[in-house]
Amino acid sequence: MFVLVEMTDTVRIPPWQFERKLNESIAEELNKKLANKVVYNVGLCICLYDITKLEDSYIFPGDGASHTKVHFRYVVFHPFLDEILIGEIKSCSQDGVHVSLGFFDDIVIPPESLQQPAKFDEAEQVWVWEYETEEGAHDLYMDIGEEIRFRVMDETFVDTSPTGPSSAEASTSNATEEVQKKEAPYTLVVTTCIIHIAL
Amino acid sequence: MEVKDANAALLSNFEVYQLLTDLKQQRKESGKNKQSSGQQNLNTIMYETLKYISKTPCRYQSPETVRDFLITMKGHKLTKAEKLQLLNHRPVTAVEIQLMVEESEERLTEEQIESLLQTVTSILPGDPEEQQRESPMATEDKGDQE
């Protein structure tokens with residue numbers, strides 16, 4: 001579920017923090033920058049693991065702060081393909097079941113990947129798995145708050161960095177739309193459909 | 001910022017759990033947050049991740065159990081990813097093993113799956129309450145499988 005990612009970055013420490021230990025200030029700055037953020041094609045950053053190398057700190061003319069190049073390792077949430085995970089059902093809709101892990105919410109099970117046969121109950125807005133045994137058909141409701149085991153099928157990274165002024169023409173035509181479309185930077189498409197029936 | 005290696009190492013849930021609890025301890029000891037505005041993200045992610053991991057079996061693990069587990073697993077010829085999944089999930093049924101191990105029908109015989117289950121449940125500590133319930137049920141389960 002979690003991987004260690006080696007990264008380098010230049011950290012800026014303002015002068016009023018010079019009295020603190022350099023390692024602490026740098027750890028704090030890195031966590032401030034990366035914790036709970038998604039890095040494109042890497043995953044959701046959790047926290048700093050350790051600092052492997054600190055290069056010399058420089059002070060540039062015009063800026064009193066010190067700049068240090070740091071090599072560090074960060075704990076990142078990045079499940080590998082076909083990994084089995086357990087999550088909680090957050091909501092159900094026509095386009096599938098939305099599952100959450102608490103710290104990561106953008107997990108979706110598309111209808112085709114639900115254990116077949118499954119149907120969407122409009123009245124209760126939940127997906128139902130019709131499980132047939134010798135005794136008869138059992139309806140297993142996928143209720144909100146229920147734990148569900150799934151396998152990771154696919155992941156999508158979306159670059160959500162702000163676009164430049166060249167797209168200003170496109171945005172003025174949508175002047176009536178005040179709410180900007182928020183795209184999840186990192187989504188997981190998962191399945192519960194496995195050859196062996198999961199209990 | 002530059003990413004040097006996006007897959008330097010795999011971490012087990014237990015290692016992340018240890019790291020986060022140590023970090024939480026450190027931050028508590030160093031007094032109240034000096035700049036809480038910047039630390040809010042870290043607080044949120046730490047809290048949520050800790051909450052999630054605490055519900056998994058790894059809260060009962062220790063470095064020694066993980067080491068023993070890996071040493072015992074050497075004989076079973078499983079890939080790193082499969083061993084990691086077994087460590088994180090602590091499967092108790094054969095179905096769970098078949099999910100986590102690829103092509104388990106071809107690679108493992110039924111006895112091997114049984115011995116794998118035995119190793120997992122004996123070395124990795126589970127929920128103490130459940131273990132008390134499990135022991136009288138163990139004979140019932142065996143009967144059902146046959």
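Lettering of chains follows the sequences in order, A, B, ..., and the numbering in each one begins at 1.
At a threshold of 4.5 Å between side-chain heavy atoms, the hydrophobic network of Ile, Leu, Val, Met, Phe, Trp and Tyr places Ile109(A) and Val152(A) in one connected group. Cluster membership for Leu84(B) and Val92(B), using ILVMFWY side-chain heavy atoms within less than 4.5 angstrom, is not shared. Under the 4.5 Å side-chain heavy-atom criterion for Ile, Leu, Val, Met, Phe, Trp and Tyr, Ile113(B) and Ile123(B) are members of the same hydrophobic cluster. A continuous path of Ile, Leu, Val, Met, Phe, Trp and Tyr side chains, each step under 4.5 Å between heavy atoms, connects Met1(B) with Ile13(A), placing both in one hydrophobic cluster. Residues Leu70(B) and Leu117(B) fall within the same hydrophobic cluster, defined by Ile, Leu, Val, Met, Phe, Trp and Tyr side chains chained together at heavy-atom separations under 4.5 Å.
Salt-bridge annotation for Lys55(B) and Glu147(A): absent, with no side-chain N of the basic residue lying under 4.0 Å from a carboxylate O of the acidic one.
Of the possible polar contacts, none joining the Arg151(A) side chain to the Met100(B) backbone as a donor-acceptor pair under 3.5 Å is found. Between the side chain of His89(B) and the backbone N or O of Ile84(A), at least one donor-acceptor pair lies under 3.5 Å.
At a threshold of 4.5 Å between non-hydrogen side-chain atoms, the residues Asn41(B) and Lys37(A) count as touching. The side-chain heavy atoms of Val3(A) and Leu11(B), taken from C-beta on, include no pair separated by under 4.5 Å. Taking the side chain as every heavy atom from C-beta outward, Phe80(A) and Gln85(B) approach each other to under 4.5 Å. Between Phe2(A) and Leu19(B) there is no side-chain heavy-atom pair separated by less than 4.5 Å.
For Tyr49(A), the OH atom sits in a loose shell: 12 or fewer heavy atoms of surrounding residues, nucleotides or ligands are nearer than 6.0 Å.
Evaluation of the salt bridge (charged side-chain N to carboxylate O under 4.0 Å, His left out) test over residues 89-105 of chain A, restricted to residues two or more places apart or in two chains, returns none. The salt bridge (charged side-chain N to carboxylate O under 4.0 Å, His left out) analysis of residues 64-87 of chain B, with sequence neighbours excluded, yields the pairs Glu82(B)-Arg107(B).
Only the side chain of Val39(A) has a heavy atom closer than 4.5 Å to any heavy atom of chain B. With a threshold of 4.5 angstrom between heavy atoms, Leu48(A) approaches chain B through N, CA, C or O but not through any side-chain atom. Looking at Val16(B), only its side chain comes within 4.5 Å of chain A, counting heavy atoms on both sides. Proximity to chain A (any heavy atom under 4.5 Å) is restricted, for Leu23(B), to the side chain, taken from C-beta onward. Neither the backbone nor the side chain of Lys69(A) has a heavy atom closer than 4.5 Å to any heavy atom of chain B.
Just one of Asn43(B), Ile45(B), Leu42(B) meets the side chain to side chain contact (heavy atoms under 4.5 Å, CB included) condition when paired with Asn31(A); it is Leu42(B).
Cluster partners of Tyr58(A) are Phe60(A), counting Ile, Leu, Val, Met, Phe, Trp and Tyr whose side-chain heavy atoms approach within less than 4.5 Å, directly or via other members.
Of residues 4-11 of chain A, those residues lying under 4.5 Å from chain B by any heavy-atom pair are Leu4(A), Val5(A), Glu6(A), Met7(A), Thr8(A), Asp9(A).
By number of non-hydrogen pairs under 4.5 angstrom with chain B, the leading residue of Val75(A), Asn36(A), Leu34(A), Asn41(A) is Asn36(A).
Remark: Phe72(A) CZ to Lys4(B) NZ distance equals 11.0 Å, nearest 0.5 Å. Rounding to the nearest 0.5 angstrom, the gap separating the OG1 atom in Thr49(B) from the CZ atom in Phe77(A) is 9.5 Å. To the nearest 0.5 angstrom, Lys24(B) atom NZ is 13.0 Å from Cys47(A) atom SG.
Scanning both residues, Tyr52(B) and Leu101(A), for their nearest heavy atoms gives CD1-O, 3.3 Å.
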